[in-house]
Visitor: 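Next up is a structure, given as structure tokens.
In what follows, residues are counted from 1 in the order of the sequence shown.
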Amino acid sequence: MMAAKPKNGAGAKELLKYLATGPAELAYLKSNPTNIAANKTADTSGYNALQKKSAELVGSAKHISQFLDRDTRPDFASQVMIPALQTFINKPDDVDGLLKNIEAQKKTIFAS
């Protein structure tokens with residue numbers, strides 16, 4: 001993201017272009033190895049086990065929501081999804097029941 005009226009618009013755009021490159025993402029991942037690169041050209045050979053599994057999951061996903069609180073209505077995020085994620089972390093063996101519950105609440109919230 002960039003400010004609406006940056007002092008150096010051309011420079012800001014060049015910085016954003018660079019930050020989206022594979023090498024820039026790998027530089028960031030050295031400081032935070034809990035994430036994965038979004039750029040398909042990034043070298044993933046140094047990924048740890050968690051990063052490999054994360055990349056596999058993201059790569060096979062049909063849809064991705066990167067920022068739940070920015071990608072959906074606040075009431076759905078805070079009242080449905082955050083508690084659902086917490087439930088999943090504590091009880092991951094009932095995915096079908098959890099998804100059914102999320103779907104029912106989604107229909108109520110988005111019906112209006």
Visitor: Between CE of M81 and CD of Q105, what distance do you get to the nearest 0.5 Å?
Guide: 9.5 Å

Visitor: Scan residues 74-92 for pairs that pass side-chain hydrogen bond (donor to acceptor under 3.5 Å, both in side chains), counting only residues two or more places apart or in two chains.
Guide: R73-D75

Visitor: Say you draw a straight line from CD of Q51 to OG1 of T34; how long is it, rounded to the nearest 0.5 Å?
Guide: 7.5 Å

Visitor: Go through the structure and list residues passing side chain to side chain donor-acceptor pair (under 3.5 Å) with S45, not counting sequence neighbours.
Guide: D43

Visitor: With sequence neighbours excluded, give me every side-chain hydrogen bond (donor to acceptor under 3.5 Å, both in side chains) pair touching residues 18-31.
Guide: Y28-N32, Y28-N35

Visitor: Among all residues two or more places apart in sequence or in another chain, which pass the side-chain contact (heavy atoms from CB on, under 4.5 Å) test with A77?
Guide: L68, T72

Visitor: So, taking the atom named CG in N39 and the one named OG1 in T44, what distance separates them when rounded to the nearest 0.5 Å?
Guide: 11.5 Å

Visitor: Taking the basic N atoms (NZ, or NE/NH1/NH2) and the acidic carboxylate oxygens, is any pair closer than 4.0 Å for E103 and K106?
Guide: yes

Visitor: Consider side chain to side chain contact (heavy atoms under 4.5 Å, CB included). Of I102, V95, D94, which one does L98 pass it with?
Guide: I102

Visitor: For the CG atom of N48 and the CG atom of L29, what is their distance to the nearest 0.5 Å?
Guide: 9.5 Å

Visitor: Can you list the residues that meet the salt bridge (charged side-chain N to carboxylate O under 4.0 Å, His left out) rule with K7, with sequence neighbours excluded?
Guide: none

Visitor: Look up atom CD in E56 and atom CD1 in I36, then write down how far apart they are to the nearest 0.5 Å.
Guide: 11.0 Å

Visitor: Which pairs, with at least one residue in residues 75-97 and sequence neighbours excluded, count as a ring pair (Phe, Tyr, Trp, His ring centres under 6.0 Å)?
Guide: F76-F110

